[in-house]
Amino acid sequence: MSHVRANFVGSARTGDLNTPVHSSMLHCLLRRVAFCPRTCISSRFQHNMRLIQFVEGGKQRVGVETKDGGEVVDLCAGDLSIPTDMKSFLEGGEEMMNKAQRIVDSGQHVLKRSDIQLKAPICNPNKIICIGMNYVDHCLEQNCPIPTEPILFSKFSNAIADPGEPILYPEETELAGSILKCQGAVRSIVYMLWLTGTVKELDFEVELAFVIGKSGKKIKIEIILTESGKAEGKSHGQSFTKTESEAMDYVAGFTIVHDVSARDWQLKKNGGQWLIGKTFDSFCPMGPAIVTKDSLSGDD
């Protein structure tokens, strides 16, 4: 069972709630979505990898980037027991991670980047769970009250788009038939069209997604509270410092997604329900890599 939790805590933010995401981070991280495969990750070794899905010679496989934008290690060529899709790979838990690490360490089965076609790092999660209005500045810029409880919504798997794949403007929105490229220039393109009055309803936000590696319920977490009852932290006095948590035991890694929205369908139609405006085809560009949690320090 694979889930993606997108911590939609804010548009184009990560770490400190007020720190802009650098464009290069689109190649490794995400904060609003969660994928979860059903598996058990217990005692474990360190795995520092950038997991990807790719197509080569007409066949999809799972691999590891040697570096951001670098060559690709073909895990399926290194061990025929490794699944050819990321969801099944993650469901294999620690055993699959260990196999992958051994293949990477061998230095074999390396493909040139130009010989492969990147796919979204996971294309069939059981759930994409999103959290809206998740950082203070986003609430303030929209003149909305800061939520006291998480605002949850979902995206469906049909919304997932591969790295570099076009974002399709739905016919139901104002600019019918137009296509925007989800590359680094997408922000400037959208902003320019917005200024000229062409685009009124399309919006997008860069998010850090937690890729969940196993199922769980009632996961233990403790928060240090101040005397006033507010969680301690540096940003607006509202981020939290945990003393003990099992939550990260369930996280396989992180990726980046765009949360694309049709604001008219999200906010002005369908009784104010967000779902339709959030889950049109191509409204969840993702990847290219899932960065395993061991690749990041606790300060990242």
Side-chain angles (χ1 to χ4, degrees), residues 2-21 25-26 29-36 122 125-161 167 169-170 172-173 182 186-187 190 194 199-212 219 221 223 230-231 233 235-240 247 250-251 254-286:
S2 285
H3 308 316
V4 173
R5 172 173 296 166
N7 259 346
F8 293 140
V9 176
S11 139
R13 300 290 197 271
T14 187
D16 186 323
L17 298 185
N18 296 299
T19 303
V21 172
M25 293 184 68
L26 287 175
L29 301 171
L30 183 157
R31 184 191 252 169
R32 264 195 189 170
V33 187
F35 307 110
C36 175
I122 186 167
N126 286 13
K127 299 176 184 178
I128 303 177
I129 305 169
C130 309
I131 303 174
M133 306 299 292
N134 57 6
Y135 70 98
V136 172
D137 285 356
H138 187 44
C139 299
L140 296 179
E141 69 187 7
Q142 297 197 55
N143 197 28
C144 294
I146 299 170
T148 57
E149 295 182 350
I151 297 174
L152 299 178
F153 64 95
S154 299
K155 286 180 179 279
F156 296 145
S157 294
N158 67 284
I160 294 174
I167 298 172
Y169 215 119
E172 293 81 2
T173 56
C182 52
V186 66
R187 178 177 294 277
V190 173
W194 182 279
V199 175
K200 297 296 186 183
E201 304 297 341
L202 180 69
D203 199 2
F204 71 95
E205 301 153 281
V206 180
E207 303 292 351
L208 172 65
F210 292 68
V211 181
I212 306 303
I219 299 168
I221 183 169
I223 305 295
K230 292 184 178 180
S235 178
H236 300 280
Q238 293 194 21
S239 52
F240 2 103
Y250 293 79
V251 175
F254 310 91
T255 191
I256 280 287
V257 299
H258 271 335
D259 171 31
V260 183
S261 306
R263 294 300 191 195
D264 48 350
W265 281 91
Q266 177 192 354
L267 302 173
K268 300 175 184 178
K269 302 180 181 181
N270 197 37
Q273 299 179 76
W274 288 13
L275 182 62
I276 292 180
K278 291 285 191 179
T279 198
F280 283 105
D281 291 347
S282 79
F283 270 28
C284 188
M286 185 185 300

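Values in this document were obtained by computation on a predicted structure and should not be read as measured data.
A distance-only check finds no donor-acceptor pair linking the side chain of Lys278 to the backbone of Gln266 [under 3.5 Å]. Without hydrogens or angle criteria, Lys155 side chain to Val260 main chain gives a donor-acceptor distance under 3.5 Å.
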Inset, instruction - Start with the C-alpha gap between Leu202 and Arg263, add the side-chain angles, then the distance that decides, and say whether side-chain contact (heavy atoms from CB on, under 4.5 Å) holds. - result: CA-CA 6 Å; Leu202 180 69; Arg263 294 300 191 195; over 6 Å; no

Inset, instruction - Test side-chain contact (heavy atoms from CB on, under 4.5 Å) on Trp274 and Ile151 and set out the steps. - result: CA-CA 10 Å; Trp274 288 13; Ile151 297 174; 4.0 Å; yes

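Between Ser157 and Pro125, the closest heavy-atom pair is OG-O, 3.4 Å. When all heavy atoms of Asn158 and Phe280 are compared, the pair lying nearest together is ND2-C, 3.9 Å. Scanning both residues, Ser154 and Leu275, for their nearest heavy atoms gives O-CD1, 3.4 Å. Considering all non-hydrogen atoms of both residues, Ile122 and Met286 come closest at O-SD, 3.6 Å.
In this structure, CD1 in Ile146 is found 5.5 Å from CG in Leu140, a value given to the nearest 0.5 Å. Here the CD1-CG distance, from Ile129 to Leu152, works out to 8.0 Å after rounding to the nearest 0.5 Å. Rounding to the nearest 0.5 Å gives a distance of 11.0 Å between CG of Asp264 and CG of Asp203.
Within the 4.5 Å cutoff, the side chain of Thr279 has no heavy atoms near those of the Ile128 side chain.
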